Amino acid sequence: MSTILTVEGVTAGYGDATVLFDVSCTVAAGEIVAVVGANGAGKTTLLSAIAGLVPARAGRITFRGEDITGRPAHWRPGHGLALVAEGGRLFPFMTVEENLLLGAYAPRGRAILKERLEEVMAVFPILRERREQAAGKLSGGERQMVAIARALMCRPDLLMLDEPSVGLSPLMVGRVFEIVERLARRDGLTVILVEQNVTEALAVADRAYVLDHGHITRAGAAAVLRGEREIQEAYMGV
Amino acid sequence: MADLANILAVGILLGGTYALVSVGLNLIFGVIRVVNFAQGEFVMLGMYGAYAAYAVLGLDPAVALLVVLPALFVLGAALQRLVLARLRTEPTMQIFATFGLLMLIENAVLAATRGTAYSVPSAVAQASLSVGGVQVGASRLLALAAATLAAAGLGLFLRRTMLGRAIRAVAQDSAAARLMGVDVERIYWLTFGIGTALAGLAGCLLAPIYSLSPQIGTSFILPAFAVVVLGGLGSVLGAYVGGFIVGLTEAFAGYYLDPALKHAVLFAVFIGVLIVRPSGLFGQVGAEEVGLREQS
């Protein structure tokens, strides 16, 4: 499989604090890659750096063969890179439909707006019912679905999900993971999944990286990591 | 009865003027979170723009709009990019910067005009109509109509167009808007430009009513702050309705109590509303319109 994303020696942080140290990782087209680690390990910062919200102080990020390190955050959704931030970050005073329309803000999305809206609503039938409802009034699970649907509006090549299971009921977590898996396996979407829920994440992922205090400490096939005693003890509560 | 009709007419017409001045101020606050003290100066520049268009080109203020509005849009957009954008990480300093702009613009105009007071004649605006025995000045009526059109047009723009939705998205969560592909900096200067152009619209339409002086901006900014706080910070509809609340309060207090007390009464109401409803009378609507969520 061809490599779609390469992160090479990226260092990033906020203000005086450095959160990521010389982080490197790769993602191949069509795979689900999990990034796991404790709270504050730098998982969100890694996604933010790839999304352009946090500048990389050193290193290089290459997406589909192009160096995108210096590209602004708003360039990325129109070029196939989408991030669903933790909690979904919906526009609370807008309707579900308006949120989805904003997902298609980039020219790439506007060109396919009508058909894409139908496609996305076919993946998440609940959105059709909630169409006119204010996003701020949705339940946690519905909110997460709208957020994922919104990120799909531009038909991304790479979808990054930051803690999609946080605050959801176990039933809802199962459904969200099921949808993510289906998008990857059936539609060929590439996914980076950041999760605290390591057991579930390793169950759907092809490969995984373990992030610890801003360093990547382990990498490998999800099936292998899942069986490792160290990983089980540190992250899976075994 | 005729008295009451008169007071209502005065209050509503005055309200239209206040609404017109306040809509842009509230848009800027809602989206960029800048309390723009210089908004009154943009009204003043609109007035002088109308005067210049009359003196040089012989244009009626209602026609001068076509020149003054784009000019003020460009000025506002430039000020956002060159001044306020550089202070993004210092929100308090942005407020001081708008205060600095207030003083700068006022004194620049003072120096340029040597303090001469001008008046702008307008064939369109000079007329007055008699509606059911109540005298209504055409200028005020025009301002009322413009305020209504501007508020409605802006509301439609914000709700129905992709760019309008992007502006609301930035107001509600600027980081999430970036993730949608919205160039947030561009939205800021566009918004500031629109807000400034709206002040210019007010200036052009009010120019025939007032005697122009460089200090006149200050007399608009105080009621405008009362309007936006009463109506709900950040809300276009709130600014529109707030204008009428302020206009009517002034008219009734001026007639039934004492003209000298009208501003005292107005600000007593203002403080009362703040205590009872800190989010303004239309706080909910306001939140819905542009949102008042913590940015990150």
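Each chain gets a letter, A, B and so on, in the order the sequences are listed, and its residues count up from 1. Just so you know, these numbers come straight off a predicted model, no measurement behind them. Values reported hereafter were calculated over all heavy atoms of this structure, with side chains retained and with hydrogens, waters and symmetry mates removed.
Not counting sequence neighbours, the partners of A/Glu118 by the side chain to side chain contact (heavy atoms under 4.5 Å, CB included) test are A/Arg128. Applying the ring pair (Phe, Tyr, Trp, His ring centres under 6.0 Å) test to B/Phe99 and every residue at least two apart in sequence or in another chain returns B/Phe37. With sequence neighbours left out, the side chain to side chain contact (heavy atoms under 4.5 Å, CB included) criterion links A/Asn197 to A/Ser165, A/Val173, A/Glu195, A/Thr199, A/Glu200.
Annotation for A/Arg155: atom CZ counts as buried by contact number, over 12 foreign heavy atoms lying within 6.0 Å.
Options B/Ala169, B/Ala177, B/Ala176 differ in how many heavy-atom pairs under 4.5 Å they form with chain A, and the most are formed by B/Ala169.
Between the side chains of B/Tyr240 and B/Thr148, at least one donor N or O sits under 3.5 Å from an acceptor N or O.
Under the 3.5 Å distance criterion, the side-chain polar atoms of B/Asn26 are matched with a main-chain donor or acceptor of B/Ser235.
Looking at A/Leu159 and A/Val84, their side chains come closer than 4.5 Å, going by heavy atoms from C-beta outward.
Within the 4.5 angstrom heavy-atom criterion, no atom of B/Arg160 approaches chain A.
Of residues 98-117 of chain A, those residues with a non-hydrogen atom less than 4.5 Å from any non-hydrogen atom of chain B are, in numerical order, A/Glu98, A/Leu101, A/Leu102, A/Gly103, A/Ala104, A/Tyr105, A/Ala106, A/Arg110.
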